[in-house]
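I have a structure I would like to understand better, so I am pasting it below and will then ask my questions one at a time.
We name chains A, B, ... by the order of the sequence lines, and we start the count at 1 in each one. The model shown is predicted, which means the values in this text are computed figures rather than measured ones.
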Amino acid sequence: MTQPFTIATWNINSVRLRRGLVERFLAEHAPDILCLQEIKCQDDQFPAKAFARAGYEHVALHGQKAYHGVATLSKIPFSSVERRDFCGLGDARHVECTVDVNGSRIRVHNFYVPAGGDEPDPAINPKFAHKLKFLDEMRAITTETGAHDAALLVGDLNIAPLENDVWSHRQLLKVVSHTPVETETLEELRREAGWADLMRHHVPGDQKLFTWWSYRARDWAASNRGRRLDHIWGSEALRGALTSMNVLTEARGWEKPSDHVPVVARFAP
DNA sequence: ATGACGATCCCAGATCGA
């Protein structure tokens, strides 16, 4: 690469309600690509014109009514776009695009992994069974593209894999998002496909790192009971080019915030 | 640790998030 390249991921929890926050983020941080999750709208309701005015003329959409939905906004034209269905449910949880940056093609997967419900037992909780099945299918498709290409996999993976990805490892071991079956499966599929956990390349595993804080805390900052549910993974080709990683914690304090904050990664030539 | 919150939708209470 001869030019820097930046990518961001953000679970926006309704893009129509928080269009202004997205515009603010784009104006202040200007990533080349922004991957949104939980847009909670159909494709024809997505505020594409507003983002085009902000310089993001290209959008790869996979929306649905009321739930889930992902969108990838870009300043750079896409050379291809694909939307994959998982578990045969017709949920909008993935969109993949490729962009050409300085003569090399980068593949960008944008994921919204199922939350998994309350009870971490697939035998009694169909939502947890769905989450585990989703991870199995994710393993299969990302293995195709992870190791050898210039590729990124970002999004709300709804799993906090490391001990310091949650406010209390011990207290969350039986809480969905941090149970051993989830954390081990995610780490295994990541390594198997050759993805590097780029956030943890920048912030070592002995430090707490969160991207989500519950709406239900009286004071999210004071209690700081967060989790790292949002991720930026990169193939070997991009791992060495990472120059900075910024978790925009202050966005959790913006007016009418999402419960997730943006994460921005920058790559140098 | 669950949930005191918040979003969605035939508009209001059920369902989902994590």
Side-chain angles (χ1 to χ4, degrees), chain A residues 9-22 36-47 62-71 86-87 89-94 110-122 124-135 138 155-183 185-186 208-231 247 249 251-263:
Chain A
T9 182
W10 194 7
N11 177 321
I12 195 62
N13 186 19
S14 173
V15 74
R16 288 176 294 171
L17 209 62
R18 288 185 238 286
R19 191 185 101 190
L21 297 189
V22 176
L36 295 170
Q37 302 85 35
E38 281 207 273
I39 60 173
K40 294 189 174 176
C41 67
Q42 291 166 318
D43 291 357
D44 61 359
Q45 301 172 314
F46 187 82
H62 193 177
Q64 72 180 80
K65 189 176 180 176
Y67 298 109
H68 324 313
V70 293
F86 285 78
C87 306
L89 292 172
D91 283 352
R93 296 182 176 275
H94 170 267
N110 178 358
F111 269 98
Y112 177 53
V113 173
D118 282 325
E119 194 57 53
D121 180 354
I124 60 169
N125 174 11
K127 290 180 189 171
F128 196 71
H130 175 213
K131 187 176 195 174
L132 298 180
K133 185 160 184 273
F134 191 100
L135 292 175
M138 186 172 163
D156 178 2
L157 305 185
N158 267 319
I159 297 172
L162 307 183
E163 294 195 7
N164 283 317
D165 291 340
V166 293
W167 63 275
S168 167
H169 169 62
R170 192 177 53 81
Q171 285 175 268
L172 286 161
L173 273 170
K174 291 180 178 171
V175 174
V176 172
S177 74
H178 194 62
T179 65
V181 64
E182 295 170 83
T183 59
T185 302
L186 189 74
K208 295 280 184 203
L209 187 59
F210 308 145
T211 63
W212 171 89
W213 292 261
S214 172
Y215 283 126
R216 293 179 194 183
R218 268 199 211 91
D219 183 334
W220 70 273
S223 61
N224 197 25
R225 292 180 171 187
R227 304 178 201 171
R228 184 171 72 110
L229 302 179
D230 303 275
H231 297 267
V247 178
T249 305
R252 185 62 180 79
W254 289 356
E255 194 168 344
K256 295 274 280 173
S258 168
D259 46 357
H260 296 251
V261 298
V263 184

Item checked: Gap between atoms CD and C1', on A/E255 and B/dG6 respectively (whole Å) -> 15 Å
Check: Mapping A/K65 and A/W167 to their closest nucleotides on DNA chain B, which lands nearer the 5' end?
Finding: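 Its nearest nucleotide being more 5', the pick is A/W167.
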Check: Which letter, B, S or -, goes with each nucleotide of nucleotides 12-18 of chain B from 5' to 3', with contact meaning a protein heavy atom under 4.0 Å?
Finding: ----SBB
Margin query: Whole angstroms only, please: what is the CG-C1' distance between A/L173 and B/dT2?
Written below: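 Rounded to whole Å, this separation is 16 Å.
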Checklist line | Spacing of the P atoms in B/dC16 and B/dC10 (rounded, Å) | finding: 16 Å
Note to self: Taking B/dA14 as the reference, what is the distance to B/dA18 when you measure between their P atoms (whole Å, please)?
What the structure shows: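 22 Å, rounded to whole Å.
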Notebook entry, point to check: Below 6.0 angstrom between ring centroids: does that apply to A/H94 and A/Y112?
Noted result: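 Centroid separation for A/H94 and A/Y112: 6.0 Å or greater.
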Next item on the list: Looking at every strand, decide which applies to A/K174 at a 4.0 Å heavy-atom threshold: base, sugar-phosphate, or nothing.
Entry: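 Nothing, no nucleic acid heavy atom in range.
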Item checked: Gap in Å between the two P atoms, one belonging to B/dA1 and one to B/dG13, rounded ->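 B/dA1 and B/dG13 have their P atoms separated by 33 Å.
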Checklist line | Atom pair distance, as rounded to whole Å: CH2 in A/W220 and C1' in B/dG3 | finding: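 Taking atom C1' of B/dG3 as the reference, CH2 of A/W220 is at 19 Å.
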Checklist line | P spacing across the pair B/dG17 / B/dA12, given as an integer number of angstrom | finding: 25 Å
Margin query: Output the rounded distance in Å from CZ (A/R16) to P (B/dG6).
Written below: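 Going from A/R16 (CZ) to B/dG6 (P), I get 19 Å.
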Next item on the list: Ignoring backbone atoms, establish whether A/R252 has a side-chain N or O less than 4.0 Å from OP1 or OP2 of B/dC5.
Entry: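 No, because none of the side-chain N or O atoms of A/R252 sits under 4.0 Å from OP1 or OP2 of B/dC5.
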Check: If you pin A/L172 and A/P257 to their nearest nucleotides in DNA chain B, which one's is more 5'?
Finding: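 Here A/L172 is the residue nearer the 5' end.
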Note to self: Rounded to whole Å, how long is the line connecting atom CZ of A/R225 with atom P of B/dC5?
What the structure shows: 16 Å
Checklist line | Side-chain donor or acceptor of A/N125 paired with backbone N/O of A/G116 under 3.5 Å | finding: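 Looks like yes, one N/O pair under 3.5 Å.
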Notebook entry, point to check: Can you name the side chain to side chain donor-acceptor pair (under 3.5 Å) partners of A/N224, sequence neighbours left out?
Noted result: A/W213
Item checked: A/H62: partners by side chain to side chain donor-acceptor pair (under 3.5 Å), with sequence neighbours left out -> none
Note to self: According to side chain to side chain donor-acceptor pair (under 3.5 Å), who are the partners of A/N158, at least two apart in sequence or on a separate chain?
What the structure shows: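 A/N158 satisfies side chain to side chain donor-acceptor pair (under 3.5 Å) with no residue once adjacent residues are dropped.
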For residues 171-181 of chain A, run the donor-acceptor check on the side chains, cut-off 3.5 Å, and write out each pair with its distance to 0.1 Å, sequence neighbours left out.
residue: A/Q171; atom: OE1; partner: A/S168; partner atom: OG; Å: 3.2
residue: A/S177; atom: OG; partner: A/R227; partner atom: NH1; Å: 3.1
residue: A/H178; atom: ND1; partner: A/A160; partner atom: O; Å: 2.7
residue: A/H178; atom: NE2; partner: A/H169; partner atom: ND1; Å: 2.8
residue: A/T179; atom: OG1; partner: A/E182; partner atom: OE2; Å: 2.6

Check: What distance, rounded to whole Å, do you find between the two C1' atoms, one in B/dA4 and one in B/dC9?
Finding: 24 Å
Checklist line | Interatomic distance where CD belongs to A/Q42 and C1' belongs to B/dT8 [whole Å] | finding: 12 Å
Note to self: What is the distance, to the nearest angstrom, from the CZ atom on A/R218 to the C1' atom on B/dG6?
What the structure shows: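 The distance from CZ of A/R218 to C1' of B/dG6 comes to 17 Å, rounded to the nearest Å.
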Check: NA contact type, A/R170, heavy-atom cut-off 4.0 Å: base, sugar-phosphate, or nothing?
Finding: nothing
Notebook entry, point to check: Can a side chain N or O of A/S14 be found less than 4.0 Å away from OP1 or OP2 on B/dT8?
Noted result: yes
Next item on the list: Say whether A/Q37 and A/T9, considering side chains only, have a donor N or O and an acceptor N or O under 3.5 Å apart.
Entry: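 Yes - a donor-acceptor pair under 3.5 Å links their side chains.
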Check: Can you list every salt bridge (Lys or Arg N to Asp or Glu O under 4.0 Å) pair that touches residues 217-226 of chain A, not counting sequence neighbours?
Finding: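 Pairs touching residues 217-226 of chain A that pass the test: none.
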